[in-house]
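Below is one structure, written out as C-alpha cells; the observations come after it.
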2 protein chains.
Amino acid sequence: MNNFTFYSPTYFAFGRNTEKEAGHYVRRFGGRKVLIHYGGGSIIRSGLLDRVKESLKQVNIEFAELGGVLPNPRDGLVYKGIELCRKEDVDFILAIGGGSVIDSAKAIAAGVLYEGDFWDFYNGKGQIEKALKVGTVVTIAAAGSEGSNSSVITKEEGMLKRGTNSELIRPIFSILNPELTQTLPPYQTACGITDIMAHVFERYFTNTKEVEITDRLSEAILLTMIKEAPRVMEDPDNYEARANIMWAGMLAHNNIVGVGRDQDWASHKIELELSGLYDVAHGAGLAVIIPAWMTYVMHHDINHFAQFAVRIWGCEMNFANPEETAREGIKRLKEFYTSIGMPINFEQLGAKEEDIPYMVETMGLGENETRGSFVPLTKKDMEAIYRLAVL
Amino acid sequence: MNNFTFYSPTYFAFGRNTEKEAGHYVRRFGGRKVLIHYGGGSIIRSGLLDRVKESLKQVNIEFAELGGVLPNPRDGLVYKGIELCRKEDVDFILAIGGGSVIDSAKAIAAGVLYEGDFWDFYNGKGQIEKALKVGTVVTIAAAGSEGSNSSVITKEEGMLKRGTNSELIRPIFSILNPELTQTLPPYQTACGITDIMAHVFERYFTNTKEVEITDRLSEAILLTMIKEAPRVMEDPDNYEARANIMWAGMLAHNNIVGVGRDQDWASHKIELELSGLYDVAHGAGLAVIIPAWMTYVMHHDINHFAQFAVRIWGCEMNFANPEETAREGIKRLKEFYTSIGMPINFEQLGAKEEDIPYMVETMGLGENETRGSFVPLTKKDMEAIYRLAVL
C-alpha cells in the first residue's frame with residue numbers, strides 16, 4: 001500500500017426533503033450572499049429552485065442567480081458567473097444540478113478571487129490559492145463532483161475539455177435527495193451509472209499490490225451498481241435503488257476507493273476528446289472507451305481482470321486459462337452497458353473513425369509522453385484504443 | 001434507506017514515517033501548546049515519543065505530557081489531564097496510542113473547557129458544547145477512535161464503563177503508520193481485529209431494508225479482515241496486512257458503513273460490563289458476546305444471517321433451510337475467533353457465571369427498558385445472552 005492522505009471534509013445531508021435545509025447549511029457554513037447556479041429549466045419546472053430559494057429566505061440569506069449551465073460546461077458561463085459574483089459581492093456559490101453545474105460552480109468559486117484568467121487553472125498555468133465556498137444540491141447521480149476536489153470545463157473555442165484539482169474547491173456541504181433524480185430520463189440515468197462505475201475502474205486497475213481493503217470497497221460500489229441499475233431502469237421511481245446509486249456515486253469519487261494505490265485515469269483522458277468533440281454525454285463516451293481500454297491493457301495483469309470477472313460478474317474462474325475469465329468479465333461489462341441502453345462503439349455513440357487522428361492530436365501529448373499508470377499509454381496506444389472502440 | 005447526515009472531516013495521513021509529520025499537522029490545524037497524552041512505556045522504548053516530540057520542536061510548538069493511560073481508561077487520569085491542561089494553558093491534545101489513549105484525550109479535551117464534572121458527559125447529565133482540538137498518532141488498529149466522534153471512559157468507583165458522542169471530540173487529524181502496530185503482541189492484535197469486526201456487526205444487522213451499498217461496504221471490511229488476520233498472526237511484521245487492517249479499522253467506525261440504517265449496539269452494551277468488571281480487553285469480551293448475541297437474535301432475520309454466511313464465509317446457501325446456513329455463518333465466526341487466539345466463552349475469558357446477575361443490574365436498565373434496535377433487548381434478554389456465552 002502506498003502512503004496516502006485522505007481528507008473528505010464535506011458535510012453530506014442525504015435523503016428525502018433535504019433540499020429544504022439548503023439555507024440552514026449555507027448559514028451554518030458561513031455564507032452571507034449566495035450565487036445560485038444551475039442548468040436548464042427542469043429545476044424551475046419541478047419547483048426545486050423555488051424550494052431552495054425559500055429555504056434561503058427563511059434564514060435571511062440574499063442571493064443572485066445564474067442558470068444556463070450546459071452539459072460539458074463552458075468557459076463562457078464561468079466568466080459570466082465570475083463577473084456577477086464580483087458585482088453582487090457574493091461569498092458563497094450554491095450549485096443545484098449534476099456534475100456540470102457543480103464543476104461550473106467550482107470554476108466560478110476559484111475564478112472570483114483570482115486576478116488572472118480562471119482558465120489558467122485548467123491549462124496548468126496557474127494554481128488555485130483561494131476560492132469561495134461551494135455548496136451543492138445534487139440532481140443527478142453521476143459525476144461525484146459533490147464530494148470531489150475536481151472540476152472539468154470545456155473551452156468553447158475548439159471544444160477543449162480540461163480539468164483541475166484543488167482541496168479549495170471541494171464542496172463544504174452537499175445535499176443529496178434521491179427523489180430529485182427520479183425524473184431523470186433513462187438515458188441520463190444510465191450515463192450516470194456508467195460514469196460512477198468508471199470512477200471506480202480508474203482506481204481499481206492499478207499496479208499497487210496488496211490493497212485488499214480498497215479493492216473490496218471498489219467492488220462494493222460495482223456490485224451495488226449492477227444490482228441497482230436494472231431496478232432503476234425498470235422502475236425510475238424506485239427510491240431505494242436511486243438512493244443506493246446516488247450514495248455510491250459520491251463514494252466512487254471522493255477517493256475512498258482510490259487511496260493507497262496508483263490510479264490510472266487514461267480512459268477519462270481518452271474519453272474527454274469524444275465528449276468534447278461530439279458534445280455527447282461523458283458517461284456514454286466512457287461506455288465506449290472503457291471496454292476498449294480494458295481489452296488493450298488486460299495482458300498487463302490478467303489475474304486482476306480475472307478477479308474483476310469473478311468477484312463482480314460471478315464468472316467461474318478458469319484456472320487453466322485466466323485470460324478467458326478476464327475476457328468474459330469485459331464481455332459481461334459490455335452486455336451490462338447494452339442492457340441499460342448505453343452505446344459500446346463509435347457508431348452507436350455517433351463518433352467517426354476518421355476523427356481519430358484529430359482527437360489523438362488535440363490531446364496534446366508529446367511524441368514520447370504517456371498518460372495512465374496501469375499501462376502508460378503513448379499517442380499510438382491511444383489511437384489503437386480508439387480503433388478498438390470503433391466496432 | 002433512512003435519511004442521514006455523514007460528516008468525517010478528520011484529515012488522515014497514512015503510511016510509513018508519517019508520525020514525523022505530527023508537528024506539521026498540529027501547526028496546520030491551529031495548535032499552539034500541546035498536551036502529549038499516552039499510555040505505557042512502549043512508545044518511550046520504541047522511540048516513538050521522541051520522534052513525535054522532535055517533530056513538535058521542529059515547528060516550535062511547546063508541549064506538556066501525561067502518560068499512564070490504562071486499557072479501559074479511567075476517570076482519574078482524565079481529571080489529572082484536565083488540571084494539567086488548565087495549568088499549562090494547553091490548546092491541543094495529541095494522543096499517541098490506541099483507543100484507550102484517544103478516548104482519554106477526547107475526555108480531557110471536552111473537560112478542560114467545562115465548568116462542571118466531565119463525567120456529566122458520560123452519565124448523560126451534560127452535553128459537550130466545546131472542546132480543545134484533538135490529534136492522534138495511532139499505535140493499535142482496533143477502536144477506530146481516530147476517526148470517530150465517540151469516547152468510552154471507566155469510572156474507577158465501581159468500574160463503571162460509559163460512553164459519549166460529540167462531533168466536537170472528533171480528531172482533527174489522525175496519523176496512521178502501520179509499522180507502529182508491528183510490535184503489538186498477537187493477543188492484542190487479535191483483540192483489535194475482533195473490535196473492528198464488531199463495529200461492522202453493530203451496523204450490519206439492521207431492520208432497515210434496501211441498504212445495499214452500506215451492506216457491501218460492511219462486507220468489504222469483513223472480507224478484508226478475514227483475509228488479513230491470518231497473515232498478520234502468521235507474520236506480525238507483514239506491513240501490507242497491517243496496513244489493510246489499520247485502514248479498515250478506521251473505516252469500520254467513522255460510520256461510513258453505518259449511514260442510512262438503524263444501528264444496534266446492544267452487544268457493545270453487554271460487553272462493556274464484562275471488560276469493566278474483569279478489566280479484560282474489549283475485543284476479547286466482544287469475541288465472547290457477539291456469537292451469543294447472533295445466536296439469540298438470528299431468527300429475527302434468518303436471511304440476513306444467511307447472507308452473512310454466504311458473502312463473508314463463502315458458505316453454500318441452503319435454500320431449503322436458510323437457518324442452517326445462518327448457523328454455519330456463526331459457527332465459522334467462532335472458529336475464526338478461536339483461530340486468532342480469542343476466547344469464545346466465559347471460561348476462556350475468565351468471566352464467572354455467578355456474576356451475570358450483577359452485570360445485568362449494573363447496566364442500569366429499567367424493568368421495561370430495552371437496548372439495541374435489531375431486536376430490542378430487555379434485562380431478561382441480556383441475561384439470556386450472557387448465559388449463552390458461558391459455554
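Naming: A, B, ... by sequence-line order, numbering from 1 per chain.
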(message) Between Ile256(B) and Ile256(A), is there a side-chain heavy-atom distance shorter than 4.5 Å?
(response) no
May I have a table of the donor-acceptor pairs connecting chain B and chain A at distances under 3.5 Å?
residue	atom	partner	partner atom	Å
Met1(B)	N	Glu240(A)	OE1	2.4
Met1(B)	N	Glu240(A)	OE2	3.1
Asn3(B)	OD1	Arg16(A)	N	2.8
Asn3(B)	ND2	Arg16(A)	O	3.0
Phe4(B)	N	Phe14(A)	O	2.9
Phe4(B)	O	Phe14(A)	N	2.7
Phe6(B)	N	Phe12(A)	O	2.8
Phe6(B)	O	Phe12(A)	N	2.9
Phe12(B)	N	Phe6(A)	O	2.9
Phe12(B)	O	Phe6(A)	N	2.8
Phe14(B)	N	Phe4(A)	O	2.7
Phe14(B)	O	Phe4(A)	N	2.9
Arg16(B)	N	Asn3(A)	OD1	2.8
Arg16(B)	O	Asn3(A)	ND2	3.0
Glu210(B)	O	Asn244(A)	ND2	3.1
Glu210(B)	OE1	Arg231(A)	NH1	3.4
Glu210(B)	OE1	Arg231(A)	NH2	2.5
Glu212(B)	N	Asn244(A)	OD1	3.0
Glu212(B)	OE1	Lys227(A)	NZ	3.4
Ile213(B)	N	Asn244(A)	OD1	2.9
Lys227(B)	NZ	Glu212(A)	OE1	3.4
Arg231(B)	NH1	Glu210(A)	OE1	3.4
Arg231(B)	NH2	Glu210(A)	OE1	2.5
Glu240(B)	OE1	Met1(A)	N	2.4
Glu240(B)	OE2	Met1(A)	N	3.1
Asn244(B)	OD1	Glu212(A)	N	3.1
Asn244(B)	OD1	Ile213(A)	N	2.9
Asn244(B)	ND2	Glu210(A)	O	3.1

(request) Would you mind telling me which of Leu251(A), Val211(A), Leu223(A) has the largest number of heavy-atom pairs within less than 4.5 Å of chain B? (result) Leu223(A)
(message) Between Val259(B) and chain A, with a heavy-atom cut-off of 4.5 Å, which part of the residue counts as in contact: side chain, backbone, both or neither?
(response) side chain
(request) Determine the option with the most heavy-atom pairs under 4.5 angstrom with chain A, choosing from Phe12(B), Phe4(B), Phe173(B). (result) Phe4(B)
(request) Could you look at Ile245(B) and say if it's the side chain, the backbone, both or neither that has a heavy atom under 4.5 Å from chain A? (result) neither
(message) Could you report the tightest heavy-atom contact between Ala248(A) and Ile213(B), atom names first, then the distance?
(response) CB-CD1, 3.9 Å
